[in-house]
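As structure tokens, the structure follows; a few thoughts come after it.
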Amino acid sequence: MKKIQIINGPNLNLLGKREPGIYGNQGFEPYLEALRKRYPETQIEHLQSNHEGDLIDCIHRVGFDFDGIVLNAGAYTHTSVALLDAIKAVNTPVIEVHISNVHQREEFRHKSMISAGCKGVICGFGLDSYRLAIEHLING
Ligand code: DQA
């Protein structure tokens, strides 16, 4: 059984309530349940944290064992050298995802500190960005 870790960074606990015009009306938990039903042969774990160190600890914990990490680092995407170093330190491929198309938004969101360490980047497909990343990790 393949093992995939989804990591959601700061403010993504508020999905469904937070700026719905940008991030939609759906909370992450029901979406996660639907993903698990869609991929019953895959173990899909999820961690959300508003704390940078928790995201790093999770990458270290699964990064030598799991088949892939789907990482939405939220605003840390644009600031965190520590996350980039963590991604580079592990073997497991990391796919960077964003719900919104960050390139259509403020200029500070156009720069990602973590992309250079990631296998690829998916952004702008709403919550479907996560499924597209998982699809690659399972079948790609
Ligand atoms: C985000 C985009 C980031 O710029 C922002 O800080 C987020 C969410 C997205 O999923 O679209 O928190 O990563």
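As the structure lists them, so they are numbered: ligands from 1, and atoms in each ligand from 1. As a basis for the values below, the full set of heavy atoms in this structure was taken, side chains included, without hydrogen atoms, waters or symmetry mates.
The aromatic rings of H78 and F108 sit perpendicular to each other, their planes meeting at more than 60°, with 30° as the lower class boundary.
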Give every donor-acceptor pair under 3.5 Å between a side-chain atom in residues 52-62 and any protein atom, sequence neighbours left out.
| residue | atom | partner | partner atom | Å |
| --- | --- | --- | --- | --- |
| E52 | OE2 | S80 | OG | 2.5 |
| D54 | OD2 | S49 | OG | 2.7 |

Pairs of donor and acceptor atoms involving the side chains of residues 132-140, under 3.5 Å and at least two apart or interchain, shall be tabulated with distances.
| residue | atom | partner | partner atom | Å |
| --- | --- | --- | --- | --- |
| E135 | OE1 | Y39 | OH | 2.5 |
| E135 | OE2 | N139 | ND2 | 2.7 |
| H136 | NE2 | K119 | NZ | 2.9 |

At less than 3.5 Å, what protein N or O atoms come close to the N or O atoms of ligand 1? Include the distances to 0.1 Å.
| residue | atom | partner | partner atom | Å |
| --- | --- | --- | --- | --- |
| ligand 1 | 4 (O) | H78 | NE2 | 2.7 |
| ligand 1 | 4 (O) | R109 | NH1 | 2.9 |
| ligand 1 | 6 (O) | A75 | N | 3.2 |
| ligand 1 | 6 (O) | R109 | NH1 | 3.1 |
| ligand 1 | 10 (O) | N72 | ND2 | 2.8 |
| ligand 1 | 10 (O) | I99 | N | 2.7 |
| ligand 1 | 11 (O) | I99 | N | 3.2 |
| ligand 1 | 11 (O) | S100 | N | 2.9 |
| ligand 1 | 11 (O) | S100 | OG | 2.6 |
| ligand 1 | 12 (O) | R18 | NH1 | 3.2 |
| ligand 1 | 12 (O) | R18 | NH2 | 3.0 |
| ligand 1 | 13 (O) | N72 | OD1 | 2.8 |
| ligand 1 | 13 (O) | H98 | ND1 | 2.8 |

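K111 is linked by a side-chain contact (heavy atoms from CB on, under 4.5 Å) to M113, counting only residues two or more places apart in sequence or in another chain.
Looking at I6 and E45, their side chains never come closer than 4.5 Å, going by heavy atoms from C-beta outward. Side-chain contact check for Y130 versus F125: every heavy-atom pair is 4.5 Å or farther apart.
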